[in-house]
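Naming convention: chains lettered A, B, ... in sequence-line order (proteins, then strands); numbering from 1 in each chain. Any value given below was found using the heavy atoms of this structure, including those in side chains, with hydrogens, waters and symmetry copies removed. Fair warning: this is a prediction, and the values are worked out from it, not measured in the lab.
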Amino acid sequence: MKIATWNVNSLKVRLPHVLDWMAANSPDVLALQETKLTDDAFPVEAIAEAGYRCVYSGQKTYNGVAVLAKSEPVDPLTDIEGLDDPQRRILAATVDGVRIINLYVVNGSEVGSEKYAYKLAWMDKVTTWIAGELKRHERLVVLGDFNVAPEDQDVHDPEAWHERILCSTPEREALGKLFALGLSDCFRKFEQPEQSFSWWDYRAAAFRRNMGLRIDLILTSPPMTEACTACTIDVAPRRLERPSDHAPVVAEFVL
DNA sequence: ATGGTTGCGTGGCAA
């Protein structure tokens, strides 16, 4: 079973890239973030023609998450208890007996800002909910754009990013609470190239210079960690014309 | 270099 995550930064703009990538890589599940589409505008037909079912939770202009899968995603959930949030950032669904939790974590803008406080509160509430989900689902995958680089090795220039947004200690501690629940960053279960990143700023030729961060993650419950045989970042779509600023991350499982 | 680029939507915000 191949499970992938990709922040597409507008599915309207990126649909051709997504369809090409699905055709070339044949993931069983593809979680998307930043679709930036209302649900009535979701390209259900184009995705169906590619052989995929989908569930989605979107809004105008910002945010928006979707789960595309070869099998029907069931038991979809878009809102969690204790988080009355109009921002569409959460989508859970079960595919082939695996509970998928797709997250577009709040960016936070700047350390100390209102959005930063919202980010930390959001992560805390989502983590509490995931603790319950782990008890309900043995096979659980939490994936998406976490907007946190877990460690300095996930940052091209740790000194420049020291205690800045996406890298600050409170954000890393908030992410650490997910690890403390028993979830594993499956990318780090395998030997990886140094300077592996999943996001590069559009500005300052950051991709060409590999000035990136690894903020797109696939976290696995213990049975899924055991079943995971590979986890890679596919930088190929980042090289295309008019790319997303994020690359897809892919994990493979033998269940 | 407190810049730079992209998307949405058509001004300015978010990332």
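The distance from atom CG of A:D145 to atom C1' of B:dA14 is 13 Å, rounded to the nearest whole Å. Spacing between atom CZ of A:R164 and atom P of B:dA15 amounts to 16 Å, rounded to whole angstrom units. The interatomic distance linking A:W199 (CH2) with B:dG4 (C1') rounds to 12 Å, in whole Å. For the pair A:L37 CG and B:dC8 C1', the interatomic distance rounds to 11 Å; values are reported in whole Å. Distance A:D245 CG to B:dG4 C1': 13 Å, rounded to the nearest Å. For the pair A:E114 CD and B:dA15 P, the computed distance is 13 Å after rounding to whole Å. Straight-line distance from the CD atom of A:E34 to the C1' atom of B:dC8: 12 Å, rounded to whole Å. The separation between A:N7 atom CG and B:dA15 atom C1' is 9 Å, rounded to whole Å.
Between A:T35 and A:Q87, the residue anchored nearer the 5' end of DNA chain B, judged by the nucleotide with its closest heavy atom, is A:T35.
Partners of A:R53 by salt bridge (charged side-chain N to carboxylate O under 4.0 Å, His left out), not counting sequence neighbours, listed by chain and number: A:E72. Residues satisfying the ring pair (Phe, Tyr, Trp, His ring centres under 6.0 Å) test with A:F207, not counting sequence neighbours, are A:W200. By the salt bridge (charged side-chain N to carboxylate O under 4.0 Å, His left out) test, A:D79 is found to be paired with A:R88, residues two or more places apart in sequence or in another chain being considered. Legend: residues meeting salt bridge (charged side-chain N to carboxylate O under 4.0 Å, His left out) with A:R14, ordered by chain and number and at least two apart, are absent.
Taking the P atoms as reference points, B:dT2 lies 26 Å from B:dG7, given to the whole Å. Nucleotides B:dG9 and B:dA14, compared at atom C1', are 13 Å apart to the nearest Å. Taking the P atom of each, B:dC8 and B:dG3 are spaced 25 Å apart, rounded to whole Å. The P atoms of B:dG12 and B:dA1 are separated by 29 Å, rounded to the nearest whole Å.
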N/O-N/O pairs, protein side and nucleotides 5-7 of chain B side, under 3.5 Å:
| from | atom 1 | to | atom 2 | distance (Å) |
| --- | --- | --- | --- | --- |
| B:dG7 | OP1 | A:R14 | NH1 | 3.0 |
| B:dG7 | OP1 | A:R14 | NH2 | 3.3 |
| B:dG7 | OP2 | A:R242 | NE | 3.2 |
| B:dG7 | OP2 | A:R242 | NH2 | 3.2 |
| B:dG7 | O3' | A:S10 | OG | 3.4 |

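Pairs passing the side chain to side chain donor-acceptor pair (under 3.5 Å) check and including a residue from residues 36-48 of chain A, sequence neighbours excluded, read A:N9-A:K36, A:T38-A:D40. Listed by first and then second residue, the salt bridge (Lys or Arg N to Asp or Glu O under 4.0 Å) pairs that reach into residues 92-101 of chain A are A:R99-A:E133, sequence neighbours excluded. Screening residues 223-233 of chain A for side chain to side chain donor-acceptor pair (under 3.5 Å), with sequence neighbours left out, gives A:T220-A:T225.
With A:M1 as the partner, the side chain to side chain contact (heavy atoms under 4.5 Å, CB included) test is satisfied by one option alone out of A:V141, A:V95, A:V254: A:V95.
Taking a 4.0 Å limit (strictly below) on heavy-atom distances, residues 104-112 of chain A reaches DNA chain B at A:Y104, A:N107.
The minimum heavy-atom distance between A:Q33 and A:L103, with the atom names listed, is CG-O, 3.6 Å.
Contact annotation: A:K115 side-chain N/O to B:dA14 OP1/OP2 distance is under 4.0 Å.
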